[in-house]
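Notes follow once the structure below has been shown.
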Amino acid sequence: MRNAVLYEPEIPQNTGNIMRTCAAFGWVLHLIEPLGFYLDEAHLKRAGMDYIGKMEYHVWPDWQTFYESHPGEYYFTTRYGTKTPDSFSYSAEKDLYLVFGKESTGIDKEILRNHLDRCMRIPMEPDARCLNVSNTAAICMYEVERQLGYPGLSREEVQKGSDFLQRSCVL
């Protein structure tokens, strides 16, 4: 099973975007408290989290509680990482967890220190500090799916039909 983990997310719109990506890829989302927003219906709608009913998510009181109950392969995104997302060989044989940090300070340095060999950074211009966390999540999740061959994902348009362009283009 493939999982995205948001460590103490602060901005509901970013979490909403990541929920949408999880729904599209069939990933499970784990939210590590404290959260910088409420998960009630009014706040979720305001943040554009309309995909919440189409995906599985869980809220955990803290990192330790989550981590101790979820064995598997962990990968951490951080601006201090020394590897790129494509430098790892992801496996479908074990549960996989991509961990993304809170917008203001990232993942706690004590957590990262225990997993230095699994810390990754998305290459970018030297003067760029970081990407938005929802963009980072989409890039990293896509790399996992690419390496695994997109298992269970549709390669064609299902809702409008695979021949939509042929039917709708006027010559």
To the nearest 0.5 Å, how far apart are NE2 in His115 and OG1 in Thr78? 13.0 Å
Grab the two heavy atoms, one from Leu116 and one from Arg113, that are nearest each other, plus how far apart they are. CG-O, 3.6 Å
Sidechain-backbone polar pair: Asp62 side chain, Trp60 backbone, donor-acceptor under 3.5 Å: no
Using the rule that two of Ile, Leu, Val, Met, Phe, Trp, Tyr join whenever any of their side-chain heavy atoms come within less than 4.5 Å, decide whether Met19 and Phe66 are in one cluster. no
side-chain hydrogen bond (donor to acceptor under 3.5 Å, both in side chains), that's the test. Do Ser91 and Glu73 meet it? Break it down for me. CA-CA 9 Å; Ser91 169; Glu73 298 287 329; over 6 Å; no
Applying a strict under-4.5 Å side-chain criterion to I, L, V, M, F, W and Y, I'd like to know whether Trp27 and Val59 cluster together. yes
Mind checking the CD-SG spacing from Glu145 to Cys140? Nearest 0.5 Å is all I need. 12.5 Å
Would the number of heavy atoms belonging to other residues, nucleotides or ligands and lying under 6.0 Å from CZ of Arg167 be above 12? yes
Decide yes or no on side chain to side chain contact (heavy atoms under 4.5 Å, CB included) for Glu8 and Glu33, but give the supporting numbers first. CA-CA 5 Å; Glu8 301 180 2; Glu33 293 181 321; over 6 Å; no
Test your reading of the model: is there a side-chain donor-acceptor pair from Asn3 to the backbone of Leu96, 3.5 Å cut-off? yes
Are Tyr97 and Tyr75 an aromatic pair, judged by ring center distance below 6.0 Å? no
Show your working on side chain to side chain contact (heavy atoms under 4.5 Å, CB included) between Arg20 and Asn17 and close with a plain yes or no. CA-CA 5 Å; Arg20 184 180 193 137; Asn17 288 338; 5.6 Å; no
Please give me the minimum heavy-atom distance between Leu35 and Ile32, naming the atom from each residue. CD2-O, 3.7 Å
Which atom names give the shortest non-hydrogen contact between Ala4 and Met141, and what distance separates them? CB-SD, 4.4 Å
Find the distance between OG1 (Thr84) and CD1 (Ile139) and round it off to the nearest 0.5 Å. 12.0 Å
Separation between CD1 of Ile18 and OG of Ser134, rounded to the nearest 0.5 Å: 5.5 Å
For the side chain of Glu156 and the backbone of Ser162, is there at least one donor-acceptor N/O pair under 3.5 Å apart? no
For Lys83 and Arg118, indicate whether the former's side chain and the latter's backbone hold a donor-acceptor pair under 3.5 Å. no
Parallel, tilted or perpendicular, as decided by the 30° and 60° cut-offs, for the rings of His58 and His30: parallel
Does Leu148 belong to the same Ile/Leu/Val/Met/Phe/Trp/Tyr cluster as Tyr142, with side-chain heavy atoms less than 4.5 Å apart forming each link? yes
Step by step, would you call Lys160 with Glu157 a salt bridge (Lys or Arg N to Asp or Glu O under 4.0 Å)? CA-CA 6 Å; Lys160 292 187 177 185; Glu157 167 58 44; over 6 Å; no
Please step through side chain to side chain contact (heavy atoms under 4.5 Å, CB included) for the pair Val5 and Phe100, ending with a clear verdict. CA-CA 6 Å; Val5 181; Phe100 306 94; 6.0 Å; no
Could you measure the distance from the CZ atom of Arg155 to the OH atom of Tyr150? Nearest 0.5 Å is fine. 6.5 Å
Does atom NZ of Lys109 have more than 12 heavy-atom neighbours from other groups under 6.0 Å away? yes
I'd like to know if the side chain of Glu103 and the backbone of Glu10 have a donor-acceptor N/O pair within less than 3.5 Å. yes
Should Glu110 and Trp63 be marked as a side-chain hydrogen bond (donor to acceptor under 3.5 Å, both in side chains) after you check the CA-CA gap, both sets of side-chain angles, and the distance that decides it? CA-CA 11 Å; Glu110 289 300 315; Trp63 171 257; over 6 Å; no
What is the minimum heavy-atom distance between Met120 and Pro85, and which atoms define it? SD-CA, 3.5 Å
Give a yes or no on this: more than 12 heavy atoms of other residues, nucleotides or ligands lie within 6.0 Å of atom CD of Glu93. no
Just checking Phe76 against Tyr7, ring centres under 6.0 Å apart? no
Evaluate side chain to side chain contact (heavy atoms under 4.5 Å, CB included) for Arg2 paired with Val144, printing each intermediate quantity in order. CA-CA 9 Å; Arg2 292 175 300 285; Val144 170; 3.7 Å; yes
So which atom in Ile107 and which in Thr77 form the shortest heavy-atom distance, rounded to 0.1 Å? CD1-O, 3.4 Å
Would you say Leu29 and Val99 are hydrophobically clustered, going by side-chain heavy atoms of ILVMFWY under 4.5 Å? no
Where the side chain of Ser168 meets the backbone of Phe164, is there a donor-acceptor pair that is under 3.5 Å apart? yes
Which atom pair, heavy atoms only, marks the closest approach of Phe88 to Cys119? CZ-O, 4.3 Å
Tell me whether Val28 is reachable from Tyr90 by hopping between hydrophobic residues (I, L, V, M, F, W, Y) whose side-chain heavy atoms are closer than 4.5 Å. no
